[in-house]
Amino acid sequence: MIINLTQHPATQEQREAGVRDVAPERTQRLHQLLTFEEAPDVYGLRSRAAQLFHIFEDETLNANWDEQKSWPRVMIGGAPYFMSHLEDCFISEGITVLYAFSQRTSVEERQADGSVVKRTVFVHEGFVVNEPQ
């Protein structure tokens with residue numbers, strides 16, 4: 001099981017790889033903790049990291065451990081200045097941290113009026129892993 005602690009819902013490919021979004025009742029709090037309206041200090045960053053760890057704990061408490069093949073891991077992503085604090089928080093507790101690795105692919109779609117819309121699609125290719133030592 002991989003708990004998704006990013007602002008974005010897991011893609012189908014990520015869900016197939018074992019990523020699980022947080023429960024709907026925790027989604028708003030997750031987004032609040034990952035959104036910064038002003039420059040945070042180190043204490044604020046550490047506090048938010050600890051609060052996100054508690055969300056992770058809540059998510060893993062109700063897991064069906066009979067179906068699990070490995071210890072829960074966490075997928076993180078967001079503001080670069082926050083990731084080292086968040087990663088340290090999980091690594092210090094023995095939790096493996098994953099970052100999604102995606103390829104950007106351009107897709108052209110012909111519209112009913114004959115025009116073409118070009119959009120970028122992110123295709124999940126795997127994870128960059130940081131494991132506790």
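Keep in mind that what you see is a predicted model, and the values were worked out from it rather than measured.
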Q: Show the numbers, then the answer: is there a side chain to side chain contact (heavy atoms under 4.5 Å, CB included) between V42 and H85?
A: CA-CA 9 Å; V42 68; H85 298 279; 3.5 Å; yes

Q) Got a donor-acceptor contact below 3.5 angstrom from the E131 side chain to the V129 backbone? A) no

Q. Any sub-3.5 Å donor-acceptor pair from S47's side-chain atoms to Y43's backbone N or O?
A. no

Q: May I ask whether I76 and L33 are part of the same hydrophobic cluster, defined by side-chain heavy atoms of I, L, V, M, F, W, Y residues being less than 4.5 angstrom apart, directly or through others?
A: yes

(Q) For a quick test of reading the model, state the closest non-hydrogen atom pair linking C89 to A49 and the distance between them. (A) SG-O, 3.7 Å

Q | Sub-4.5 Å side-chain heavy-atom contact between R104 and V121 | A | no

Q: Compare all side-chain heavy atoms of I3 with those of R20 and state whether any distance is below 4.5 angstrom.
A: yes

**Q.** Where E37 and T35 come nearest, the two heavy atoms and their spacing
**A.** OE2-CG2, 3.4 Å

Q) With a 4.5 Å limit on heavy-atom distance, are the side chains of P132 and F90 in contact? A) no

Q | Validation row: T27, E25 side chains within 4.5 angstrom (heavy atoms) | A | no

(Q) Evaluate I91 against E93 for side chain to side chain contact (heavy atoms under 4.5 Å, CB included), listing each step before the verdict. (A) CA-CA 5 Å; I91 294 287; E93 294 294 331; over 6 Å; no

Q) Is there a path of hydrophobic side-chain contacts, each under 4.5 Å between heavy atoms of I, L, V, M, F, W or Y residues, that connects F101 with V19? A) no

(Q) Could you tell me if Q14 and N4 have a donor-acceptor pair between their side chains, going purely by distance under 3.5 Å? (A) no

(Q) For the CD atom of Q32 and the CD atom of Q7, what is their distance to the nearest 0.5 Å? (A) 10.5 Å

Q | Under 3.5 Å side-chain donor-acceptor pair for Q28 and H31 | A | no

Q: Apply side chain to side chain contact (heavy atoms under 4.5 Å, CB included) to the pair R119 and E109, showing each step before the final yes or no.
A: CA-CA 8 Å; R119 64 185 178 99; E109 298 174 341; 2.7 Å; yes

Q: Determine whether L52 and F82 make a side-chain contact, defined as any pair of heavy atoms from C-beta on separated by less than 4.5 Å.
A: yes

Q. Within 45° of the axis and under 6.0 Å from the centre of the six-membered ring of F36, does NZ or CZ of R48 qualify?
A. yes

Q | Same cluster (ILVMFWY, side-chain, under 4.5 Å), F53 and M75 | A | no

Q) Mind checking whether M83 and V97 have side chains closer than 4.5 Å, heavy atoms only? A) no

Q. Are V74 and L30 grouped together when hydrophobic residues (ILVMFWY) are joined by side-chain heavy atoms under 4.5 angstrom apart?
A. yes

Q.
Quick check for you: to the nearest 0.5 Å, what is the distance between L5 atom CG and L86 atom CG?
A. 7.0 Å

Q | Flag side-chain contact, heavy atom, 4.5 Å: V107 against T120 | A | no

Q. At what distance, to the nearest 0.5 angstrom, does CD of E59 lie from CD1 of I2?
A. 14.0 Å

Q. Which is it for T11 and F122 under the side chain to side chain contact (heavy atoms under 4.5 Å, CB included) test, yes or no, and what are the steps along the way?
A. CA-CA 9 Å; T11 65; F122 292 87; over 6 Å; no

Q: Could you tell me if the ring centre of Y99 sits under 6.0 Å from that of F127?
A: no

Q) Would you say V116 and Q111 make side-chain contact, with heavy atoms under 4.5 Å? A) no

Q.
Let me confirm one number: the NE2-CG distance from H8 to D21, rounded to the nearest 0.5 Å.
A. 11.5 Å

Q. What's the spacing between T96 OG1 and W71 CH2 if we round to 0.5 Å?
A. 11.0 Å

Q: Rounded to the nearest 0.5 Å, what's the gap from CG on L98 to OG1 on T6? Could you check?
A: 11.5 Å

Q.
Is there a side chain to side chain donor-acceptor pair (under 3.5 Å) between Q51 and H54? Walk through the geometry before answering.
A. CA-CA 5 Å; Q51 292 175 68; H54 291 302; over 6 Å; no

